[in-house]
Structure formats: structure tokens, C-alpha cells
S.K.: 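Would you mind keeping the following structure in view while I ask a few things?
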Amino acid sequence: MAKLIVPRWIIPVEPSGVVLRDHALVTEGTRIAAVMPLASALAAYPAAQRLELPRHILIPGLVNLHTHAAMTLMRGLADDTPLMPWLEEHIWPAEAKHLSEAYVHDGTLFSCAEMIRSGTTCFADMYFYHLAAAQAAASAGMRAALGAAIIEFPTPYASDAAGYIDRALSSRDELAASSRLKLMLAPHAPYTVADETFRRVATIAAEADYPVMVHLQETQDEVTRAVHQYGMRPIERLERLGMLTPNLVAVHCVHVLPEEIAMLANAGVHVAHCPVSNLKLASGIAPVAAMLEAGVNVGIGTDGAASNNRLDIIGEARLAGLLQKGTSGNAAALPAHQVLHMATLGGAKALGWDDEIGSLVAGKSADMTAIDLSALETRPVYDPVSHLFNAAGREQVSHVWVEGRMLLENRRLTTLDEAELAANAEVWQNRFAEHPL
């Protein structure tokens, strides 16, 4: 049966810069059937169910282009620490004690609840036990690209790089069976992955058209170490290893030179910008405006809750815009419509899902988010897209759909039990307390 969603404003993202009023979005099953004037929709679909959202903005579902979902269970575990001490002295030792399928499943499920309540419908994950994360995403009803982590050193998940790759490839058929899930290869970073492993990942990704995600030039220390060890900066090294392709999602890219931005643009590499994590770990501010001007496709990610500590794309996008204005001295840098594109279609394109999601266009999957602008804090409304990032917050996300299925209805999760999730978080907190670092 057709359903009509009638918000105050529809922001389709495609075409760019458009704000529709007195329109309806029509869904049939899992897909968008039409976006059309309300009067025409009522005439064409007289028997359709109708949802009135009189003070709401309807946008494509937000895409979190980079996170480590299970690490929500480490939220606040090691704050106020630079990246490498944070990893080496806190995160990796904690993972050595607690990493398991149960940890990944429960942490990812907890993250899914937070992301849904923040308007996110799709996320790109990078972690271990990616099938456990896939099960959690499927239970929540979300869309996810599951990055199977690849590193050189052993963990409870695998003993060496070949083992990590084998575990990734063994899951491809299971993930391909779902329209909402896909496999992504995730070599962790140039400082944890050897040349031969990168070459093998590049070959596999090219043959099977898998997206690939890697942390890249996140800190100046990473670049300095790479020059000392390899005689070149990480981007040049990855270029020589065949990694710079349209399949690659390069995460962070904080310390990049103009010529390196040109290399990324020419190769069709996508960038996942994580401004909160970059600031919290004192890594720096990525030159996003320069990347966009050069033609690099940039999406927005939160990174994990252990280094953020929120999975809030609306807040992340607001900061992304403000940082580029402040660092460039140009108040017009990253206007609201461009930020919305980054948080939706930009992320979808990076994951190879732009033919399915990222904009409200007939034929695409009905992955959508509604934000209520009726509060005093968001009135009057002259520009609803500006309000989305400059006045509203994730607490005003009211409804969320994936493939036409409502995952959030008037702020209430429909696929997950909030009380059960909260109780499980306490269980994991107690386990961490029993085995402190």
C-alpha cells in the first residue's frame, strides 16, 4: 500500500539546494515512489495512508561514514589523551581483555540505538568480528557497510594479516544476502599494515569491487614516523601500492599537503571527515574546504564513541561547517546545503550506495529522517536547512525509516528495547570495572 508522508519541508538533496513546501513523499513498499506537490499526491493516491508532520523537515537518512560501533562500550574510558598513547596504553589493552563476538554485538546494538535516535540510517563500521556487528545492524533495521579490520598483529579475532583477510572474505556471501549490508575491507592504518598486505587488499578490492577504508594521515606524528620508516609520506606510499582508487575511503586526512589533495582528487578517493574526534585527540583540523574545491568527495563520520564521545552526525556536521569558516576566514565556506550533501549523498557515494540512498528521489530506497522544528529554540524558520545544523539538535529527530520501515516513531525506538539496552550497558561497565587497565 502506498503511504504519503507530508512534512512542512522536503529537502531532496538532489537537485542541490532545493527546498520543497506543500509537497508529499510517496512510498510503496521499501522504495520512494514519488516526490510531488501535495494536491497531486492526494489525487493520485486517494487511498494511501497519510502521516502529517506539520512542523518537520524531511531529509535523506544521515550517513555516518566512519565509526567503530562496538567501542561505544568504551565511551569515556580514556579521555584527554593523544592518539598513540590513547591506542597503545588504553584501547588496545582493553580490547585484549574484552574483545569477543558478544562485546562487538552488544556494543554495536547500543550504537545503533544512539545513531537511529540521531537520525542516522546508514553507517560504515571498522572493527573486529564484523559478522557480529552485522547481526546487530540487521536486528536494529539499519543499513551498514561492515569493515572487516585488517592489521599485522594478533588479537583474539585473528593471528596475522592473512587471517584477518580470510575472515573478511569468508563472510561475503552472508553479507551479500541482505540488501542493507555489504562487506568492506578495512586495513587499519599505514602504521599497522605492511606493504604486502596493502597490495593484496588492493587486488581483492579491484577484483570484487569492495569499498576499502583506512585511517590516513590523521596526525603529524604519523606522517613523521612514515617518512623516517619508509622515506615517504603515507599517501605517496599508498599510491605506489595501488591503494588510491575510487574504492578507497580515506579516514581523517588531517595533515595533507595541496599536492596530496590533488592526488586524492585525481584518483577518485573519498574522504571521511571526523571533526570532533580530530579535535578531541588533538590531531588537528582537516582542510575540508580545500578538498571539496579540488573535487574530492567528502562525507562525515563520528569515529568511535571512545574518541568522540557521541554518535551524532547533526552535531558533527555543524562543527564541520564552523571549522572551515573559522580556519578559512570565509563565512560562506561549507554552507548548510553543502554540509547536508556531505552528511547524506557524499557518504552514500563513498560507500557505492548513491544509487540507493543519500537523496529523496523516486526509485531510491525509502531511507529518511524527519526533524521536528516546532520547539521555541528553532523558531522562526527562515531557512530549514540552516536550522538543521545551526539551531536544531539530535534530540529533535522524531522519525526515522530504512527501506520504508519506521525505526523511530515520535522519538520511540520501534526495533530495539531501550531498557534492555541500558541494562546491558551496565553489565559491560561492571565487566570493565572488574578488570581495570
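What you see is a predicted model, and the numbers here were worked out from it, not measured in a lab.
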S.K.: Decide whether E218 and Y191 meet the rule of one side-chain donor and one side-chain acceptor closer than 3.5 Å.
M.R.: no

S.K.: Take the angle between the ring planes of H98 and F432 and call it parallel below 30°, perpendicular above 60°, tilted in between.
M.R.: parallel

S.K.: Quiz question: by atom type and distance under 3.5 Å, do the side chains of Q217 and E260 form a donor-acceptor pair?
M.R.: yes

S.K.: Quick one about E316 and N64 (side-chain donor to acceptor, distance below 3.5 Å, no hydrogens or angles considered), yes or no?
M.R.: no

S.K.: Does a donor on one side chain sit under 3.5 Å from an acceptor on the other, for T219 and S283?
M.R.: no

S.K.: Check whether any side-chain N or O of N308 sits under 3.5 Å from a backbone N or O of T302 as a donor-acceptor pair, and report yes or no.
M.R.: yes

S.K.: Quick one: do the E14 and S359 side chains pair a donor with an acceptor below 3.5 Å?
M.R.: yes

S.K.: Going by the rule side chain to side chain donor-acceptor pair (under 3.5 Å), which residues pair with T155 if we only count those two or more places apart in sequence or in a different chain?
M.R.: Y164

S.K.: Around E418, counting heavy atoms of other residues, nucleotides and ligands shown, do more than 12 lie under 6.0 Å from its CD?
M.R.: yes

S.K.: Please tell me whether H130 and D125 have a donor and an acceptor in their side chains that are separated by less than 3.5 angstrom.
M.R.: no

S.K.: State whether F389 and R318 meet the cation-pi test: NZ (Lys) or CZ (Arg) under 6.0 Å from the six-membered ring centroid, and within 45° of the perpendicular axis.
M.R.: no

S.K.: Of all residues at least two apart in sequence or in a different chain, which pass the side chain to side chain donor-acceptor pair (under 3.5 Å) check with H270?
M.R.: N297

S.K.: Using a distance-only test with no angle check, is there a side-chain donor-acceptor pair under 3.5 angstrom linking E152 and T197?
M.R.: yes

S.K.: So, S365 and D367: side-chain donor and acceptor under 3.5 Å apart, yes or no?
M.R.: yes

S.K.: May I ask you to check whether H215 and H66 place their ring centres under 6.0 Å from each other?
M.R.: yes

S.K.: With distance as the sole test, does T245 use its side chain to make a donor-acceptor pair with the main-chain N or O of N247 at under 3.5 Å?
M.R.: yes

S.K.: Answer with yes or no whether the side chains of W428 and D106 bring together a donor and an acceptor at under 3.5 Å.
M.R.: yes

S.K.: May I ask you to say whether R237 pairs ionically with D195, meaning some side-chain N is under 4.0 Å from a carboxylate O?
M.R.: yes

